[in-house]
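Because the structure is predicted, anything quoted here is derived from the model rather than measured. Both backbone and side-chain heavy atoms feed into the values below; hydrogens, waters and symmetry mates do not. Throughout, a chain's letter reflects where its sequence line sits, starting with A, and its residues are numbered from 1.
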Number of protein chains: 2
Amino acid sequence: MPKDSFYTELHEKMARYSKALSHPARIYIMDFLIRNTSKCCYSGDMAEELPIARSTLSQHLKELKNAGLIQGEINPPYIRYCINRDSWEEAKRMFSEFLNQ
Amino acid sequence: MPKDSFYTELHEKMARYSKALSHPARIYIMDFLIRNTSKCCYSGDMAEELPIARSTLSQHLKELKNAGLIQGEINPPYIRYCINRDSWEEAKRMFSEFLNQ
DNA sequence: TTTGTATTTCGCAAAAATACGAAATACCGT
DNA sequence: ACGGTATTTCGTATTTTTGCGAAATACAAA
């Protein structure tokens with residue numbers, strides 16, 4: 001079913017990525033994951049640094065996951081999060097084209 | 001008064017710019033303004049293309065203005081909008097650093 | 001001074017985002 | 001089977017965003 005919208009797929013996608021990054025906690029999380037690609041990044045690692053409840057952090061992680069920017073590798077009871085490289089590359093490309101056109 | 005927040009100025013700013021771009025209509029507007037730097041860009045020009053009420057468009061313009069991304073040159077009854085080059089350059093720099101770190 | 005034009009502001013309603021604590025989940029070690 | 005641990009989901013409250021039409025604004029032209 002083709003997207004029934006006035007806006008282009010590109011515009012919708014840009015807006016979706018932007019929205020995912022529109023909260024300082026989520027910027028923090030992405031920053032954390034980017035700077036620690038080698039480390040295991042558990043929810044708890046970030047929860048210790050961030051001044052928000054664990055359930056709230058969990059929601060932010062879910063939103064980033066829904067936007068496709070991150071993924072969680074389940075290893076109960078831990079969940080190791082990391083950047084979704086494909087989406088991240090796409091986001092990079094789109095932002096860079098948009099910003100530098 | 002120093003910002004009393006856990007997050008850095010940079011993170012706050014990134015989130016603010018992202019939020020400004022978190023709606024397809026606002027992506028559309030920015031795109032329009034970027035592609036028409038030579039033209040006069042009146043609210044009405046965009047209102048004719050966008051499938052939203054003029055008052056709604058006006059609100060989106062206000063948000064982009066509040067985020068510092070655009071500015072309006074008043075020439076009643078017209079208002080000519082354009083990219084705020086300084087902020088735009090800053091946003092470019094910040095996004096590119098963030099995305100490519 | 002009245003009329004017209006482009007745009008914004010106001011007032012409101014509906015939807016979405018944000019946040020928390022409590023409860024649920026899912027596995028491990030004992 | 002029973003706790004212990006890390007994390008998520010649920011229920012709920014508050015705030016913010018989005019959207020519209022009607023009214024207001026501000027100037028130009030007649």
Side-chain angles (χ1 to χ4, degrees), chain A residues 4-7 11-12 14-30 32-33 36 39-82, chain B residues 4-7 11-12 14-30 32-33 36 39-82:
Chain A
D4 181 17
S5 163
F6 164 81
Y7 305 104
H11 284 178
E12 299 268 14
M14 282 286 300
R16 210 150 45 232
Y17 282 138
S18 297
K19 190 179 213 163
L21 298 174
S22 72
H23 192 287
R26 294 197 292 269
I27 293 281
Y28 181 96
I29 292 167
M30 291 305 289
F32 185 93
L33 294 181
N36 295 292
K39 262 200 277 182
C40 294
C41 295
Y42 300 118
S43 177
D45 298 341
M46 299 181 264
E48 271 168 32
E49 302 192 26
L50 282 163
I52 57 178
R54 273 153 202 270
S55 56
T56 305
L57 169 59
S58 193
Q59 267 189 201
H60 284 307
L61 289 168
K62 189 158 97 178
E63 279 192 55
L64 288 170
K65 207 165 22 170
N66 286 343
L69 289 175
I70 66 172
Q71 58 200 157
E73 194 185 299
I74 297 173
N75 183 17
Y78 296 94
I79 297 185
R80 177 184 181 158
Y81 283 100
C82 59
Chain B
D4 180 17
S5 165
F6 164 81
Y7 304 105
H11 283 177
E12 298 267 14
M14 280 287 300
R16 212 150 44 231
Y17 282 138
S18 296
K19 191 178 210 162
L21 297 174
S22 73
H23 192 285
R26 296 198 288 271
I27 293 279
Y28 182 96
I29 293 167
M30 292 305 290
F32 185 94
L33 294 181
N36 295 293
K39 265 201 273 178
C40 295
C41 295
Y42 300 118
S43 175
D45 298 340
M46 297 181 264
E48 273 169 31
E49 302 193 24
L50 282 164
I52 56 177
R54 272 152 203 273
S55 57
T56 304
L57 168 59
S58 195
Q59 267 187 204
H60 285 306
L61 289 168
K62 189 157 98 178
E63 279 191 57
L64 287 170
K65 206 164 23 170
N66 286 344
L69 289 175
I70 65 171
Q71 60 199 157
E73 194 185 299
I74 297 172
N75 181 20
Y78 295 94
I79 299 185
R80 175 184 181 161
Y81 283 99
C82 58

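- Side-chain proximity of A:His23 to the nucleotides C:dT7, C:dA19, D:dC20 is greatest for C:dA19.
- Contact between the side-chain N/O atoms of A:His60 and the OP1/OP2 oxygens of C:dA17 is not found at any separation under 4.0 Å.
- For B:Glu63, the listed nucleotide lying nearest its side chain is D:dT18; candidates were C:dC20, D:dT18, C:dT7.
- Per the geometry, CG belonging to A:Leu61 stands 10 Å off C1' belonging to D:dT7, to the nearest Å.
- In this structure, the CG atom of B:Leu50 is 11 Å from the P atom of D:dC20, given to the nearest Å.
- Proximity of A:Lys19 to the phosphate of C:dA17: a side-chain N or O atom is located under 4.0 Å from OP1 or OP2.
- Within 4.0 Å (heavy atoms only), B:Thr56 reaches at least one base atom of the nucleic acid.
- Straight-line distance from the CD atom of A:Glu48 to the P atom of D:dT7: 9 Å, rounded to whole Å.
- Side-chain atoms of B:Arg26 and B:Leu21, non-hydrogen and from C-beta on, never get closer than 4.5 Å to each other.
- Here the side chains of A:Gln71 and A:Tyr81 are not in contact, with every heavy-atom distance at 4.5 Å or above.
- Between the C1' atom of D:dC20 and the CD1 atom of B:Ile52 lies a distance of 11 Å, rounded to the nearest Å.
- Atom CD of A:Gln59 is separated from atom P of C:dC20 by 10 Å (rounded to the nearest Å).
- Under the 4.5 Å side-chain criterion, counting only non-hydrogen atoms from C-beta, B:Leu50 is not in contact with B:Thr56.
- A:Ser58 comes within 4.0 angstrom of a base, heavy atoms only.
- Per the geometry, CD1 belonging to A:Ile29 stands 13 Å off C1' belonging to C:dT18, to the nearest Å.
- Counting non-hydrogen atoms under 4.0 angstrom, B:Leu57 reaches nothing in the nucleic acid.
- What separates CZ of A:Arg26 from P of C:dA17 is a distance of 9 Å, to the nearest Å.
- B:Ser55 has no side-chain polar atom (N or O) that falls below the 4.0 Å cut-off from OP1 or OP2 of D:dA22.
- Aromatic ring pairs are classed by plane angle as parallel below 30°, tilted from 30° to 60° and perpendicular above 60°; the pair A:His11 and B:Tyr28 is perpendicular.
- Among the nucleotides C:dT8, D:dT8, D:dT18, the one closest to the side chain of B:Tyr81 is C:dT8.
- Within the 4.5 Å cutoff, no side-chain heavy atoms of A:Leu69 are placed close to those of A:Glu63.
- In this entry the distance linking NZ of B:Lys65 with P of C:dT7 reads 12 Å, nearest Å.
- Note on B:Arg54: every side-chain N or O is 4.0 Å or more away from OP1 and OP2 of D:dG19.
- Put simply, B:Lys62 has no side-chain N or O that comes within less than 4.0 Å of OP1 or OP2 on C:dT7.
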